[in-house]
Amino acid sequence: MTTYARRGLHGQTVEVIARRILAGEIAPGATLDITALQAELDVSLTALREALKVLAAKGIVDARQKRGTFVRPRADWNLLDGDVIRWQFAEGADPRLLDKLHEVRSIIEPAAVRLAAGRATDDDLAALDGALDEMAAAKGHPAAAVAADLSFHRALLAATHNELLERMEVVMETGLAERDRLVHGGEPHDDPVPSHRAVVDAIRARDATAAETAMRGLLEKAVRDVEKVRGQKGNR
C-alpha cells in the first residue's frame, strides 16, 4: 500500500490537500485557490500540480478551462483506493466507515475461506501457520499484533489463488489495520490465536463449510471487540 507521507515534500502536499477534502474542510464542488495553496504549503507550482495529478487519478479533483481545479462529487471518488480509505481514518472519518469495511469483509472473507479450503497449497498453509506463530509471539505488543493479523488475512486471500480477490487486500487491510489499532491499543483483550487457528484447521482439513463457519465466528468476535472498546471509551 502506498503511503504518500513517506515520499517527502510531494507526498506531504498530497496528504494535506487530500485530508482537507476528505474531512470536509474543502467541500465537493469547491474550486481550489492554487495561488493561496502554493503560498500556504510553501511548494513550487510544479510540485503542487503533481500533487493534484495524484488526487485527480483517485477521482477526487478535476481541472477544467475557465473553472480551474475543483473538488469532484464524492460519488466520483475512488473509495476503494487504499490511500483514500487511510486518509479518511486519519482525519476523523465518519465513524460508520469501520462498520462499512466490516460489511465488506463479511461478504468477502467467508467466501474466500471456502475457496482456500479447496485450493490452499502446502506453501499457503505454511504462510497461515507462520502468521499464527507471529500472532502468538505478539502478545503485549500492539504494533506486532496488528502486523501479524494483517499477515494472516493477506495469506488467506493468497490461498484462494484468485488474483482479483488477492487485490482486495488493498481495501481490507486498511480497515483491518485501523480496527486492530483500535482494539489492540485499548484494554487487554482475548487471545486471537484460537479463533484464527480454527479457520486454518478447517482449511487444512479441506472442509469448506467448517472454514466458513469459523471465519464468520472470527468476524463476529471482531465486531464484539470493537463494540467493547467503543463502550469503554464512551464510559470514560
[atom1] of [X] to [atom2] of [Y]: how many Å apart, nearest 0.5 Å?
X      : Y      : atom1 : atom2 : answer
Gln12  : Ile17  : CD    : CD1   : 12.0 Å
Leu101 : Asp99  : CG    : CG    : 9.0 Å
Phe70  : Ile26  : CZ    : CD1   : 14.0 Å
Met215 : Glu220 : CE    : CD    : 12.0 Å

Residues, nucleotides or ligands: over 12 heavy atoms within 6.0 Å of Arg49 CZ: no

Heavy-atom neighbours of Arg197 CZ exceed 12 at 6.0 Å: no

Cluster link Ile34 to Val61, ILVMFWY, side chain under 4.5 Å: yes

Joint cluster assignment, Leu55 & Val43, ILVMFWY side-chain distance < 4.5 Å: yes

Side-chain heavy atoms of Val223 within contact of His102, under 4.5 Å: yes

Pair Glu173 + Arg167, salt bridge at N-O below 4.0 Å: no

SB check Lys53 Glu50 (cutoff 4.0 Å): yes

Minimum heavy-atom distance between Leu157 and Glu166, given as atom pair plus value: O-CG, 3.5 Å

Test side-chain contact (heavy atoms from CB on, under 4.5 Å) applied to Ala131 - qualifying residues, sequence neighbours left out: Ser151, Phe152

side-chain contact (heavy atoms from CB on, under 4.5 Å) evaluation trace for Leu9 with Leu41: CA-CA 10 Å; Leu9 184 60; Leu41 301 178; over 6 Å; no

Can you give each donor-acceptor pair under 3.5 Å made by side-chain atoms of residues 113-124, sequence neighbours left out, with the distance rounded to 0.1 Å?
| residue | atom | partner | partner atom | Å |
| --- | --- | --- | --- | --- |
| Arg114 | NH1 | Glu212 | OE1 | 2.8 |
| Arg119 | NH1 | Thr160 | O | 2.9 |
| Thr121 | OG1 | Asp123 | N | 3.4 |
| Thr121 | OG1 | Asp124 | N | 3.2 |
| Thr121 | OG1 | Asp124 | OD2 | 3.1 |
| Asp124 | OD2 | Thr121 | N | 2.9 |
| Asp124 | OD2 | His161 | NE2 | 2.6 |

Pair Glu109, His153: side-chain N/O donor-acceptor within cut-off below 3.5 Å: yes

